[in-house]
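What follows is a short report on a single structure.
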Amino acid sequence: MTDTLTKGAANQAGAHINKDAYAEAKDFLPLNGVDHVEFWVGNSKQAAHYFRALWGFTPVAYAGLETGVRDRSSYVMRQNDITIVLTGALSPDGEIAEHVHRHGDGVKDIAFSVDDATSSWRETTARGARSVIEPVELDGGEDGVLRRSAVGAYGEVRHSFIDRRDYHGVFAPGYRKIKKPARAAGGLSLLEIDHCVGNVELGDMNKFVDYYRDVFGFAQLIHYDDKVIHTEYSALMSKVMTNGNGRIKFPINEPASGKKKSQIQEFLDYYLDNGTQHIALRTEDIVATVRQLRENGVEFLGMPHAYYETLADRVGDVGVPIATLEELGIEADRDEEGYLLQIFTRPIQDRPTFFFEIIERHGSRGFGVGNFKALFEAIEIEQARRGNL
Ligand code: FE2
């Protein structure tokens, strides 16, 4: 097992790639990309400062008591094509407070940009999606009209459909532009969301694979079986779903039985539901970006020296000296299409649940399967520290 995962040519063992996935996917909606991701958090004001001062996001819009919103406070954070919304409750009652009470901070909404929020809702609900928000027109006065609807995904995560064609405001009606934002951390170049990963209970993976295929017209891009995602102690299975234009990629993980507790099971034990495990942010300069993030105080998973000793044999030239990769804890992987560089943060909130990935792609459209084993062993060291292995 170890050998097949750490030696170059056998990289893809246990990874079943569907080369026809993009053609198979049916973009009947279509989805233009991820419009934004909304986190429900315990304290949106402080979370906004975390994303600004450590991650380089600029606060661009705000909604709350001062804008006539009585039950919540939201900050819209932006960096290049990434928009993150941080929302907290203003009272102990209601869905936001209950969500945070049960799950801790976490992803509530992975919102899609669409041309028509009404037809998106109609097409998906007709195919079996659970309606969460019926199509609504939000009147933004001079800024125009924003059209929105939403359907359910795994756990309490939802997918909003956002149609901005007739809206010209900063984010949405009810939000006001932040005119003089505090300065965001510099030196960071996070460009767009690369993929969003869901963790689901044992036995639920295929259910949600079917859901994304039937309801959204996605196709299965890759299946990693528990032979490839496997350490001495734990295992997991993963299937990657994509839409036709490849802008939306959703790996879905479920735990598999091992001698000890899978990291997916640890997530489920603390999130108490299916939920979003990590979001990968794409950069074209992972070295400078990670160096800056580390300086700003972002914590990353550590990789052992042994990983870097065999890396050059496995991946060849990846444009960055191996010593630099090791200094920063960046991992590399190669497949027949090219290579990628990636790194994972530690969980960003109190519970060992959600974390970020930073990824730089050079041809490879994969997810770093050659790193899975070393990565999961690194996670297991941290699980053991938490008393959860
Ligand atoms: Fe990932």
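As the structure lists them, so they are numbered: ligands from 1, and atoms in each ligand from 1. Note that the structure is a prediction, hence the values are computed from the model and not measured.
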- Task: Could you check whether the rings of His103 and Tyr271 sit parallel, tilted or perpendicular, using 30° and 60° as the cut-offs?
- Result: parallel
- Name of whichever N/O/S atom of Glu357 is nearest to the Fe ion (ligand 1): OE1
- Using only N, O or S atoms, tell me which atom of His195 is closest to the Fe ion (ligand 1). NE2
- Task: Could you confirm whether Asp194 has any N/O/S atom lying under 2.8 Å from the Fe ion (ligand 1)?
- Result: no
- Query: Can we call the ring centroids of His278 and Phe344 under 6.0 Å apart?
  - Reply: yes
- Query: Are Tyr212 and His159 close enough that their ring centres sit under 6.0 Å apart?
  - Reply: yes
- Message: Between Asp105 and Arg351, does any NZ, NE, NH1 or NH2 come within less than 4.0 Å of an OD or OE carboxylate oxygen?
- Response: no
